[in-house]
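Inspection log for the structure reproduced underneath, given as structure tokens.
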There are 2 protein chains.
Amino acid sequence: MATPEAPGGTDWRARLRARGYRLTPQREMVLRAVDELGHATPDEVLAKVREQSSAVNISTVYRTLEVLEELGLVRHAHLSDRAPTYHSISDHEHFHLVCRNCQKVVSVDPDVLRPLTERLEADGFVADVGHLTVFGHCTDCTPTKES
Amino acid sequence: MATPEAPGGTDWRARLRARGYRLTPQREMVLRAVDELGHATPDEVLAKVREQSSAVNISTVYRTLEVLEELGLVRHAHLSDRAPTYHSISDHEHFHLVCRNCQKVVSVDPDVLRPLTERLEADGFVADVGHLTVFGHCTDCTPTKES
DNA sequence: ATTCTTGCAAATAATTTGCACCACC
DNA sequence: GGTGGTGCAAATTATTTGCAAGAAT
């Protein structure tokens with residue numbers, strides 16, 4: 001999941017500069033944390049970052065995630081009714097399935113969405129595939145709770 | 001959007017009782033509000049309810065929406081990165097498209113998802129179509145902001 | 001040196017909970 | 001009358017913001 005040298009090789013540093021942002025240790029650490037964690041909430045990112053530097057503040061994490069997302073280095077999705085999670089885009093783009101029974105999260109290739117996205121595009125709507133999360137349940141989960 | 005007699009005809013009252021819940025004015029008002037508003041946040045539901053009774057409390061709205069959803073009378077979806085919205089299921093089931101440019105929300109027939117849901121089912125996953133929201137942008141919106 | 005960033009604390013916003021009182025069955 | 005439901009206020013949780021001090025260019 002985590003490549004030694006973060007997303008997009010090294011050029012994200014250049015990308016930062018290009019947009020007038022500064023390169024700070026906090027930004028490096030947050031990006032690495034997201035990359036290593038896979039899918040993580042801001043809180044979890046903070047915890048990971050603090051393994052390396054205990055002085056980092058939660059508000060910095062929020063601000064940094066915002067910047068990184070604006071730069072296209074990370075994305076967020078809503079994998080539970082409560083709490084966004086961030087993931088690096090070094091993992092190729094994907095959307096998510098979340099099982100309400102076992103809570104398992106599966107990353108799926110965008111190709112599976114092709115028929116849907118094409119249909120929507122024909123109707124004038126371009127879907128943001130990377131942000132999509134489909135809730136439901138695995139058929140092999142005890143399919144108990146059903147209203 | 002709002003049928004005179006709320007979702008499922010009148011039998012939702014029976015359904016309440018059947019599960020040991022009591023029929024209260026608050027529950028009737030919240031259900032009617034959701035039905036009339038189309039898509040509404042708890043706050044908006046409260047505002048609507050208060051048109052009829054100013055004494056109703058926000059915590060009652062939260063508790064009531066939870067009960068109504070458990071009974072299958074309403075559903076919620078996340079139409080913005082921030083804030084769930086509730087809608088009555090008297091409107092036939094649908095999923096949502098949300099444009100990040102113009103903020104427009106479009107309700108779409110589940111049939112459009114058929115190819116996707118079938119593919120996912122083949123892989124052992126049953127999608128909760130009614131909860132799905134696809135973010136993206138209309139092609140006729142000024143397609144400016146793109147990272 | 002200049003200006004962007006950060007840490008900290010306080011402000012918001014959204015939702016939940018404890019509890020005494022009230023109303024439905 | 002007993003029990004579940006409600007209002008109210010306080011507690012949580014999540015996120016944002018103002019600002020002075022610190023750091024990157």
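Convention: sequence-line order gives letters A, B, ...; per-chain numbering from 1.
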B:Asp43 CG to C:dA13 P, in whole Å, measures 11 Å
In whole angstroms, the gap separating P of D:dG5 from CD of B:Glu70 amounts to 11 Å
Side-chain contact check for B:Arg27: nearest option of C:dG7, C:dT6, D:dT6 is D:dT6
Taken to the nearest whole Å, CG/B:Leu31 to P/D:dG5 is 16 Å
To the nearest angstrom, the CD-C1' distance between B:Glu66 and D:dT6 comes to 15 Å
Whole-Å distance, A:Leu16 CG to C:dT5 P, equals 8 Å
5'-most contact on DNA chain D (nearest-nucleotide basis), B:Ser59 vs B:Tyr21, goes to B:Tyr21
From CD1 of B:Ile58 across to C1' of D:dT6 the rounded distance in Å is 13 Å
Determine: side-chain N/O of B:Arg17 to OP1/OP2 of C:dC25, distance under 4.0 Å, yes or no.
yes
* **Whether B:Tyr86 and B:His76 hold their rings parallel, tilted or perpendicular, with breakpoints at 30° and 60°** => tilted
Smallest heavy-atom separation, A:Thr133 atom then B:Leu132 atom, equals O-CD1, 3.5 Å
With a 4.0 Å limit, can you tell me whether A:Thr24 has a side-chain N or O closer than that to the phosphate oxygens OP1/OP2 of C:dC4? no
Students should find that the end-to-end axis angle of the helix from C:dA1-D:dT25 to C:dC25-D:dG1, with five pairs defining each axis and rounding to 10 degrees, is 30°
**Asked** Does any non-hydrogen side-chain atom of A:Asp109 lie less than 4.5 Å from one of A:His94?
**Response** no
Does C:dG7 have OP1 or OP2 under 4.0 Å away from a side-chain N or O of A:Thr60? yes
N/O (side chain, A:Gln26) to phosphate O (OP1/OP2, D:dA23) under 4.0 Å
no
After noting the C-alpha distance and the side-chain angles of A:Asn57 and A:Ser59, does the key distance pass the side-chain hydrogen bond (donor to acceptor under 3.5 Å, both in side chains) rule?
CA-CA 5 Å; A:Asn57 193 276; A:Ser59 53; 2.8 Å; yes
Discussion item. B:Phe125 vs A:Thr139, test: side-chain contact (heavy atoms from CB on, under 4.5 Å). Steps then yes/no.
Written reply: CA-CA 6 Å; B:Phe125 188 85; A:Thr139 44; over 6 Å; no
Picking from D:dT16, D:dT6, C:dT6, the nucleotide nearest the side-chain atoms of A:Tyr62 would be D:dT16
Checklist entry - When all nucleic acid strands are considered with a 4.0 Å heavy-atom cut-off, which category describes B:Leu23: base, sugar-phosphate, or nothing? => result sugar-phosphate
Taken to the nearest whole Å, CG/B:Asp81 to P/C:dA14 is 14 Å
Practice item. Could you check whether B:Ala55 gets within reach of a base, just the sugar-phosphate, or nothing at all, counting any heavy atom under 4.0 Å? Key: sugar-phosphate
- request: Measure the shortest side-chain to side-chain distance between A:His131 and A:His78 over non-hydrogen atoms and say whether it is less than 4.5 angstrom.
  value: yes
On the side chain of B:Arg63, is there an atom forming a donor-acceptor pair with the base of D:dG4 - under 3.5 Å, no angle test? no
- request: Apply the test side-chain contact (heavy atoms from CB on, under 4.5 Å) to residues A:Trp12 and A:Leu71: give CA-CA distance (whole Å), side-chain angles for both, the deciding distance (0.1 Å), then the verdict.
  value: CA-CA 8 Å; A:Trp12 63 272; A:Leu71 292 175; over 6 Å; no
By nearest-heavy-atom nucleotide on DNA chain D, the more 5' of B:Arg22 and A:Asn57 is B:Arg22
Between NE2 of B:His78 and P of D:dA14 the distance, given in whole Å, is 15 Å
All heavy atoms of A:Asn101 vs all of A:Cys141, minimum pair found to be CB-CB, 3.6 Å
